[in-house]
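Right, one structure below, let's go through it.
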Amino acid sequence: MPEEQKRRYINLPGRRPGLPFSDAVLVGNTLYLSGRLGIDPETGTVPDDVNREIQLLFEGFEGVLAQAGMSMNDLVSVQIFSPALDLWETFNAAYVKRFSQEMPARAYIGSGPLLLNGRFEMMGVAVKS
């Protein structure tokens, strides 16, 4: 297999074993990030406080990016699923603070209920600069 087609599977340290997916897959210089929830690693649940949930979501996302030698600025596409469309502005206020360059393409999509009663699930694609 040519070097640019080799796959590297990325999982955060301390990740719960037995999950049926990888946190991300790096193919060449493109990283495909699985959907993430803002789960408290101590309790395994989504916090009651929406701002804490958003913080945990971004910390997890940034952790996966860092494992691939990337940052939020390497994202080219992001999708956020949320059953709570009224939290769009709350989410955006935190989201924009995570970038120091132009924003990636993005969709904020209304959804049915999320796992663990999450308010947001975010997935994305990043390309290493």
Side-chain angles (χ1 to χ4, degrees):
M1 183 178 286
E3 186 65 33
E4 65 273 1
Q5 295 301 313
K6 287 188 179 178
R7 295 179 185 178
R8 180 174 149 215
Y9 296 89
I10 296 173
N11 291 302
L12 289 176
R15 179 179 190 267
R16 196 177 73 177
L19 294 175
F21 59 89
S22 296
D23 289 331
V25 179
L26 182 65
V27 181
N29 64 348
T30 303
L31 183 69
Y32 301 89
L33 293 106
S34 292
R36 293 198 68 82
L37 300 170
I39 298 173
D40 184 328
E42 299 293 318
T43 65
T45 63
V46 173
D48 290 334
D49 179 63
V50 68
N51 291 310
R52 179 72 177 134
E53 178 184 357
I54 292 169
Q55 177 187 6
L56 290 166
L57 171 64
F58 290 137
E59 287 174 358
F61 219 72
E62 290 169 338
V64 174
L65 286 161
Q67 289 286 326
M70 296 185 193
S71 73
M72 294 287 279
N73 289 322
D74 291 307
L75 287 167
V76 295
S77 178
V78 175
Q79 294 179 340
I80 301 101
F81 299 89
S82 180
L85 294 179
D86 60 324
L87 293 175
W88 180 76
E89 288 182 17
T90 302
F91 183 88
N92 278 342
Y95 179 82
V96 298
K97 293 177 184 174
R98 298 289 176 155
F99 296 90
S100 63
Q101 298 176 3
E102 291 292 321
M103 302 286 172
R106 190 187 95 173
Y108 189 98
I109 304 162
S111 71
L114 297 175
L115 293 172
L116 303 173
N117 294 316
R119 295 176 200 92
F120 312 98
E121 182 167 353
M122 188 164 80
M123 59 187 288
V125 177
V127 176
K128 200 173 212 174
S129 304

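Just so it is clear, the model here is predicted, and its values are computed rather than measured. Heavy atoms only: backbone and side chains are in, while hydrogens, waters and symmetry mates are out.
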**Request:** Answer yes or no: is there a side-chain heavy-atom contact under 4.5 Å between Leu57 and Arg36?
**Result:** yes
**Fill in**
Smallest heavy-atom separation, Phe61 atom then Ser34 atom, equals CE1-O, 4.2 Å
**Request:** Verify, without hydrogens or angle tests, whether Asp40 (side chain) and Pro47 (backbone) share a donor-acceptor contact under 3.5 angstrom.
**Result:** no
**Member of Leu114, Ile109, Leu115, Leu116 meeting the side-chain contact (heavy atoms from CB on, under 4.5 Å) criterion with Glu121** = Leu114
**Message:** Return the CG to CG distance between Leu31 and Asp74, rounded to the nearest 0.5 Å.
**Reply:** 9.0 Å
**Prompt:** In the single-linkage hydrophobic clustering (I, L, V, M, F, W, Y; side-chain heavy atoms under 4.5 Å), do Leu37 and Phe58 co-cluster?
**Reply:** no
**Fill in**
Heavy-atom nearest pair, Leu65 first then Ala126, reads CD2-CB, 3.8 Å
**Request:** Check the hydrophobic clustering (I, L, V, M, F, W, Y; side-chain heavy atoms under 4.5 Å; chains of links allowed) and say if Leu12 and Ile54 are grouped together.
**Result:** yes
Which pairs of donor and acceptor atoms, one on a side chain in residues 83-95, lie under 3.5 Å apart (sequence neighbours left out)?
unit_1, atom_1, unit_2, atom_2, d
Asn92, OD1, Arg106, NH1, 2.7
Asn92, OD1, Arg106, NH2, 2.7

**Message:** Between Asn117 and Val46 (side chain of the first, backbone of the second, donor and acceptor by atom type, cut-off under 3.5 Å), is there such a pair?
**Reply:** no
**Message:** Test: salt bridge (Lys or Arg N to Asp or Glu O under 4.0 Å). Region: residues 52-70. Which pairs qualify, not counting sequence neighbours?
**Reply:** Glu53-Arg119, Glu62-Arg98
**Request:** Give the cluster check for Val96 versus Ile80: same hydrophobic cluster or not, with ILVMFWY residues linked at side-chain heavy-atom distances below 4.5 Å.
**Result:** yes
**Request:** Output, in order, the C-alpha distance, side-chain angles, deciding distance and verdict of side-chain contact (heavy atoms from CB on, under 4.5 Å) for Met70 and Leu26.
**Result:** CA-CA 11 Å; Met70 296 185 193; Leu26 182 65; 3.8 Å; yes
**Message:** Between Met122 and Met103, is there shared hydrophobic-cluster membership here, with clusters defined by ILVMFWY side-chain heavy atoms closer than 4.5 Å?
**Reply:** yes
**Asked** Would you say the side chain of Ser100 lies within less than 4.5 Å of the side chain of Met72, judging by non-hydrogen atoms?
**Response** no
**Message:** To check you understand the geometry: which heavy-atom pair defines the closest contact between Arg7 and Val27, and what is its length?
**Reply:** CG-CG2, 3.8 Å
**Item:** Contact summary for Pro104 and Ser77, nearest pair of heavy atoms
**Value:** CB-N, 3.8 Å
**Shared hydrophobic cluster, Val78 / Tyr108 (ILVMFWY, side-chain heavy atoms < 4.5 Å)** = yes
**Request:** Return yes if some donor-acceptor pair links the side-chain N/O of Asn11 with the main-chain N/O of Ser22 below 3.5 Å, else return no.
**Result:** no
